[in-house]
Amino acid sequence: RKEVEQDPGPFNVPEGATVAFNCTYSNSASQSFFWYRQDCRKEPKLLMSVYSSGNEDGRFTAQLNRASQYISLLIRDSKLSDSATYLCVVNIYNQGGKLIFGQGTELSVKP
Amino acid sequence: DGGITQSPKYLFRKEGQNVTLSCEQNLNHDAMYWYRQDPGQGLRLIYYSQIVNDFQKGDIAEGYSVSREKKESFPLTVTSAQKNPTAFYLCASRKGTSRNEQFFGPGTRLTVL
């Protein structure tokens, strides 16, 4: 079993749609959680950290369920510019800050 | 501007040659990391360094070597022992505690001919 697993993609949605990405992690010692965005042939960039109480940044909402070891990202009112691959990322406690990456879920927003 | 730079952006190498990828950061970050990404896959950790003159192997260190002589610099050497070196290589750095996010450089695409 992979340490971080994400929904298989690609997700093809129309502009304005709401889309949700799910992610599960296997290591209960996981300490911090992030969603990164990666555009084609570019480096990953931090989209948002994920906090235990859930957090929102504009159209983006992240949720964490430690008991179920589950993370989600909700994107409302999708824009064409949201098209990218979204990476679920987990930091394991006391392992030098190394991050464990999911394989990513590709999102394509169409006009 | 503060950031992480990697050079070159594209690199071609003949089989059997060693090659060194550069990574420099002026963010005053303590920790630095090297990842490899293959098409359709997530990032995999090669090596990381939390302080100068110290580094640890990641999940796929075989065939690679690193050094950390200065806080700002963390070069990665891809040796001829790496059997499948063609990939996208990403360098990252992190400030302070392990809870903080990592920031990535623009990457180097290595192709072995």
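In the text below, chain A, chain B and the rest are named by the order of the sequence lines, each starting its count at 1.
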Answer yes if [X] and [Y] sit in the same cluster of Ile, Leu, Val, Met, Phe, Trp and Tyr residues linked by side chain heavy atoms under 4.5 Å apart, and no otherwise.
X	Y	result
A:V13	A:L80	yes
A:I71	A:L47	yes
A:F33	A:I75	yes
A:V90	B:I60	no

Here the gap from A:Q103 atom CD to B:D38 atom CG, rounded to the nearest 0.5 Å, amounts to 13.5 Å
* Part of B:L43 lying under 4.5 Å from any heavy atom of chain A ->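 Both backbone and side chain.
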**Message:** Need one label for A:Y36: side chain, backbone, both or neither, based on atoms under 4.5 Å from any heavy atom in chain B.
**Reply:**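 Just the side chain, heavy atoms under 4.5 Å.
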>> Does any backbone or side-chain atom of A:Q6 lie under 4.5 Å from a heavy atom of chain B? Answer side chain, backbone, both or neither.
In response: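 The answer is neither part of A:Q6.
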Greater than 12 external heavy atoms within 6.0 Å of A:K42's NZ:
no
Q: Decide if atom OH of A:Y70 counts as having more than 12 heavy atoms of other residues, nucleotides or ligands within a radius under 6.0 Å.
A: yes
**Study point:** Heavy-atom pair with the smallest gap, counting every atom of B:F88 and A:R41
**Key:**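 Nearest pair, atom of B:F88 first, then A:R41: CZ-O, 4.3 Å.
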Tell me, with the steps shown, if B:Y35 and A:L99 meet side chain to side chain contact (heavy atoms under 4.5 Å, CB included). CA-CA 10 Å; B:Y35 294 89; A:L99 299 181; 3.8 Å; yes
A:E43-B:Q6 side chain donor-acceptor pair, cut-off 3.5 Å
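On atom types as modelled, these side chains do not qualify, holding no pair under 3.5 Å.
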task = Mind ranking B:R44, B:Q41, B:R109, B:Q56 by heavy-atom pairs under 4.5 Å with chain A and telling me who comes out on top?
result =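 It is B:R109.
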